[in-house]
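Contents: one structure, followed by commentary.
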Amino acid sequence: MNLLEVDREGNLWYATTSGSIALRPRESDTTIIFNSEIQGRVSGFAETSDGIWISTYKNGIYRYIDKKILKVPLPNKLNTAVITAIYADRQQQIWLGTDVGLFAQIDQEFQFMHSFHVDNKGLGIYSICEEKEGSIWLGTTKGAFRYRDGVCSPINSNHGLTDNIIYKIHRDREGSLWLGSFGGGVFKSLGDLFTHIGKGQGVSYDYISSITKDRNGAYWFGSYGGGVYKVKIPGADGPMSVSNIDQEQGLSNDFTYDLATDRNGDIWIATNYGLNYYRQGKITSYHEQDGLPSEHIYSVRNGADGNVYAGTSNGFVKIEPGSNVKFTNYKLQG
């Protein structure tokens, strides 16, 4: 899958499935392509004051600083690991999720933190997120774990959570954690407990891929096969409500890879067949004949310039949102 990220300065980073990395500086239309600096397929990006960190699945990690990409020295155990997730916490510390456990950067060196229990052999880490109290949360192939004070504890049915794959962890502006699962719906943290939003609440297709929030405070969940769900959380203005937008309502495809809320509060939906724009209660679908470089849209992000950027199977595209949407394509080699 192609990865797309926007750094703090508004520069755009894009990785191809073959391992090439592209950088488009915010104030330039020139795309810089790094074809040989990184070896291996990219698994994630993270950013600290020490630069942009780039992890690969099977060939370690790299750092972009002073306009150069450099390979980061790693301990032997990490050199041979499959790195599936990278995350920078509020203290600028880098965390790595791998097939052999959890690692963290301490005093400029990466150290092994936890291997999980024997019965979790083969556990894979999909996502890493820091909660507001400072604990590190891990979304894995066998549910969620919380790492705190050197102890890694499973978060399971005793806390209201499933042991399904936790594919996505999202922290909202209020500090609540949202966990998107693969087959178990969505879970929202309520202190040490979780509330479940799944089939019983109207999210009938509960393989969740992505989460975002619109201008009115409603949450949007992307799913693999069920389109998207708009969920209004219960509060003073009423009970919970769930509405589904799928191909019958005009979505171009029900397999949703990513979601983003743009500067106007409108929703962009990346799918397996086309890019979708939800604005003023209406869905508009865009395809190659409308100017996109590909039908397969894997990621979508907000840019610091107010535009939206989407990663596709044939490069990335700059999107100028509003009543007259405009596309600018950037095709890459590799």
Side-chain angles (χ1 to χ4, degrees), residues 1-3 15 17 40-46 55-61 77-89 94-104 110 112-131 135-148 151-171 177-189 193-194 196-199 203 205-211 221-226 255-259 272 298-299:
M1 180 179 291
N2 299 308
L3 297 176
T17 52
R41 189 159 64 97
V42 173
S43 59
F45 293 90
S55 64
T56 68
Y57 283 102
K58 296 183 178 180
N59 198 40
I61 64 174
K77 188 169 186 178
L78 193 50
N79 261 326
T80 58
V82 177
I83 301 172
T84 51
I86 185 169
Y87 180 78
D89 67 19
I94 294 290
W95 295 80
L96 299 175
T98 81
D99 62 338
V100 294
L102 180 68
F103 290 77
F110 282 92
F112 178 72
M113 307 301 288
H114 196 81
S115 63
F116 301 99
H117 302 295
V118 174
D119 58 352
N120 283 316
K121 185 177 181 180
L123 178 148
I125 299 173
Y126 279 136
S127 55
I128 305 174
C129 187
E130 181 184 19
E131 68 175 344
S135 298
I136 296 297
W137 283 72
L138 309 173
T140 80
T141 52
K142 297 187 179 180
F145 290 79
R146 177 171 57 194
Y147 183 85
R148 181 168 58 190
V151 177
C152 198
S153 306
I155 308 299
N156 49 36
S157 58
N158 293 330
H159 308 85
L161 199 63
T162 180
D163 60 357
N164 290 74
I165 295 173
I166 301 297
Y167 182 76
K168 192 80 171 182
I169 303 180
H170 169 77
R171 190 181 68 204
L177 291 180
W178 292 81
L179 280 64
S181 76
F182 202 74
V186 182
F187 299 84
K188 180 181 185 292
S189 63
L193 299 177
F194 283 81
H196 180 222
I197 303 173
K199 291 180 179 178
V203 180
Y205 209 98
D206 48 10
Y207 291 80
I208 304 302
S209 61
S210 48
I211 302 170
F221 306 138
S223 75
Y224 287 119
F255 283 85
T256 303
Y257 290 127
D258 205 5
L259 300 171
N272 191 46
Y298 294 121
S299 54

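Bear in mind the structure is a predicted one, so any value in this text is a computation, not a measurement.
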Would you say H170's side chain and S210's backbone share a donor-acceptor pair under 3.5 angstrom? no
Under a 4.5 Å cut-off applied to non-hydrogen side-chain atoms, are L102 and F145 in contact? no
Flag the pair Y224 / F182 as yes when their ring centroid distance falls below 6.0 Å, and as no otherwise. yes
Could you measure the distance from the OG1 atom of T140 to the CD1 atom of I166? Nearest 0.5 Å is fine. 7.5 Å
Evaluate Y126 against T84 for side chain to side chain contact (heavy atoms under 4.5 Å, CB included), listing each step before the verdict. CA-CA 6 Å; Y126 279 136; T84 51; 5.5 Å; no
Which residues satisfy the side chain to side chain contact (heavy atoms under 4.5 Å, CB included) test with S135, sequence neighbours excluded? E131, W137, R146, R148
CD1 of I128 to CD1 of I136: how many Å apart, nearest 0.5 Å? 7.5 Å
Test item: F221 and W178 side chains (from C-beta on) under 4.5 Å apart, heavy atoms: yes
Separation of D99 CG from I125 CD1 (nearest 0.5 Å): 9.0 Å
Closest approach of Y87 to E130 (non-hydrogen atoms, all atoms of both residues): OH-N, 3.1 Å
Considering all heavy atoms, the nearest S209-T256 contact: OG-O, 2.6 Å
Minimum heavy-atom separation for I169 and C129, please, with both atom names. CG2-CB, 3.5 Å
Heavy-atom nearest pair, C152 first then L138, reads SG-CD1, 4.1 Å
Heavy-atom side-chain proximity of Y257 to N272 below 4.5 angstrom: yes
To the nearest 0.5 Å, atom CG of L78 lies from atom CZ of F103 at 4.5 Å
Closest non-hydrogen atoms of A81 and V100, given as atom of the first, atom of the second and distance, are CB-CG2, 3.7 Å
Would you mind reporting whether F187 and I208 have side-chain heavy atoms less than 4.5 Å apart? no
State, to 0.1 Å, how close G40 and T56 come at their nearest heavy-atom pair, and which atoms those are. O-CG2, 4.1 Å
Could you check L179, L193, L161 and say which one makes a side chain to side chain contact (heavy atoms under 4.5 Å, CB included) with I155? L161
What is the distance from atom OG of S189 to atom NE2 of H159, rounded to the nearest 0.5 Å? 12.5 Å
Between CZ on residue F110 and CG on residue N79, distance to nearest 0.5 Å: 11.5 Å
Using side-chain hydrogen bond (donor to acceptor under 3.5 Å, both in side chains), reason through S43 and S55 one step at a time and then give a plain yes or no. CA-CA 5 Å; S43 59; S55 64; 2.7 Å; yes
Counterpart residues, side chain to side chain donor-acceptor pair (under 3.5 Å), relative to N59 (two or more places apart): Y62, K71
